[in-house]
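First comes the structure, then the notes that go with it.
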Amino acid sequence: MREIKRILCAVDFSDATAKVAGWAAAFGRRIGAEVLLVHVVPDMGRYSDFQVSAGYITGFEREIINGARVNMEDCLNSLEGQEVQGMVIMGDPAREILTAVAEHKADIVVVGTHGNKGLESIVFGSVADQIIKTCPVPVISVRPYAKA
């Protein structure tokens with residue numbers, strides 16, 4: 001088994017994020033690995049075919065990214081005393097997470113099994129499922145609502 005030096009943890013800022021990020025941070029601390037939290041803002045360009053102006057989409061994306069950065073900062077602050085970094089990027093969530101795995105040379109990925117649900121999950125599919133099926137490194141899925 002190869003040594004785990006870097007953990008990439010995908011977060012979506014749902015109610016599950018605190019538990020998933022906390023688990024990844026605690027695991028990283030226990031094994032002496034770096035932890036990188038990654039949030040991907042979906043690219044809204046796919047809605048340009050719905051007669052929505054490019055200027056509106058660009059402004060909306062900018063607001064979402066700024067809000068995601070605030071959420072990331074709050075998430076990082078909630079993990080006091082733990083060496084965790086965070087980044088917010090835009091694009092297709094599963095694809096961007098897999099790209100980040102390669103770019104940051106992650107040895108393992110942590111994803112939550114519950115996050116955003118409803119119509120978004122039906123339309124875009126489960127990001128965790130896509131990552132688990134295609135990731136080149138091991139993936140740990142954390143079930144945040146499991147009873148201890």
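Because only heavy atoms are used, hydrogens play no part in the values below, and waters and symmetry mates are left out as well, while side chains stay in.
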Which is it for Val35 and Val110 under the side-chain contact (heavy atoms from CB on, under 4.5 Å) test, yes or no, and what are the steps along the way?
CA-CA 10 Å; Val35 178; Val110 174; over 6 Å; no
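- A search for side chain to side chain contact (heavy atoms under 4.5 Å, CB included) contacts involving Ala128 returns Val111, Ser126, not counting sequence neighbours.
- Between Ser141 and Ile132, the shortest heavy-atom distance links the atoms CB-CD1, 4.2 Å.
- When every heavy atom of Glu96 is checked against every heavy atom of Ile89, the shortest pair comes out as CB-CD1, 3.8 Å.
- We find the CG-CE distance between Leu37 and Met72 to be 5.5 Å, quoted to the nearest 0.5 Å.
- Residues satisfying the side-chain hydrogen bond (donor to acceptor under 3.5 Å, both in side chains) criterion with Arg29, sequence neighbours excluded, are Gln82.
- Across all non-hydrogen atoms, the minimal contact from Ala25 to Val84 is CB-CG2, 3.8 Å.
- Partners of Thr134 under the side chain to side chain contact (heavy atoms under 4.5 Å, CB included) rule, at least two apart in sequence or in another chain, are Leu98.
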Where do Cys75 and Thr17 land on the side-chain contact (heavy atoms from CB on, under 4.5 Å) test, with the steps shown first?
CA-CA 8 Å; Cys75 186; Thr17 294; 3.9 Å; yes
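- What you find for Val40 and Met90 is that their closest heavy atoms are CG1-C, 4.2 Å.
- How far CZ of Arg95 is from CD1 of Ile131: 12.5 Å, rounded to the nearest 0.5 Å.
- Closest approach of Ile97 and Ala10 over heavy atoms only: CD1-CB, 3.6 Å.
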Ile108 and Val139: side-chain contact (heavy atoms from CB on, under 4.5 Å), yes or no, with the steps?
CA-CA 6 Å; Ile108 196 162; Val139 179; over 6 Å; no
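- Evaluation of the salt bridge (Lys or Arg N to Asp or Glu O under 4.0 Å) rule for Asp129 yields Lys133 as partners, not counting sequence neighbours.
- Each side chain to side chain donor-acceptor pair (under 3.5 Å) pair with one or both residues in residues 99-112, not counting sequence neighbours, appears once here: Arg2-Asp107.
- The shortest side-chain heavy-atom distance between Val38 and Cys9 does not fall under the 4.5 Å cut-off.
- Take Arg6 and apply the salt bridge (Lys or Arg N to Asp or Glu O under 4.0 Å) test, not counting sequence neighbours, and it matches Glu34.
- Side-chain heavy atoms closer than 4.5 Å link hydrophobic residues (I, L, V, M, F, W, Y) into clusters, and following such links, possibly through other members, connects Leu8 to Met87.
- Contacts of Glu83 classified as salt bridge (Lys or Arg N to Asp or Glu O under 4.0 Å), with partners at least two apart in sequence or in another chain: none.
- No donor-acceptor distance shorter than 3.5 angstrom exists from the side chain of His39 to the backbone of Val88, with no hydrogens or angles considered.
- Here Ile64 pairs with Val41, Met44, Phe60 under the side chain to side chain contact (heavy atoms under 4.5 Å, CB included) rule; sequence neighbours left out.
- Atom CG of Asn66 is surrounded by more than 12 heavy atoms from other residues, nucleotides or ligands within 6.0 Å.
- Closest approach of Val137 to Ala106, counting heavy atoms only: CG1-O, 3.5 Å.
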Could you walk me through whether Val142 and Thr113 pass the side-chain contact (heavy atoms from CB on, under 4.5 Å) test, one step at a time?
CA-CA 6 Å; Val142 176; Thr113 57; over 6 Å; no
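- A side chain to side chain contact (heavy atoms under 4.5 Å, CB included) with Ile7 holds for exactly one of Ile140, Ile31, Leu36, Val109; it is Ile31.
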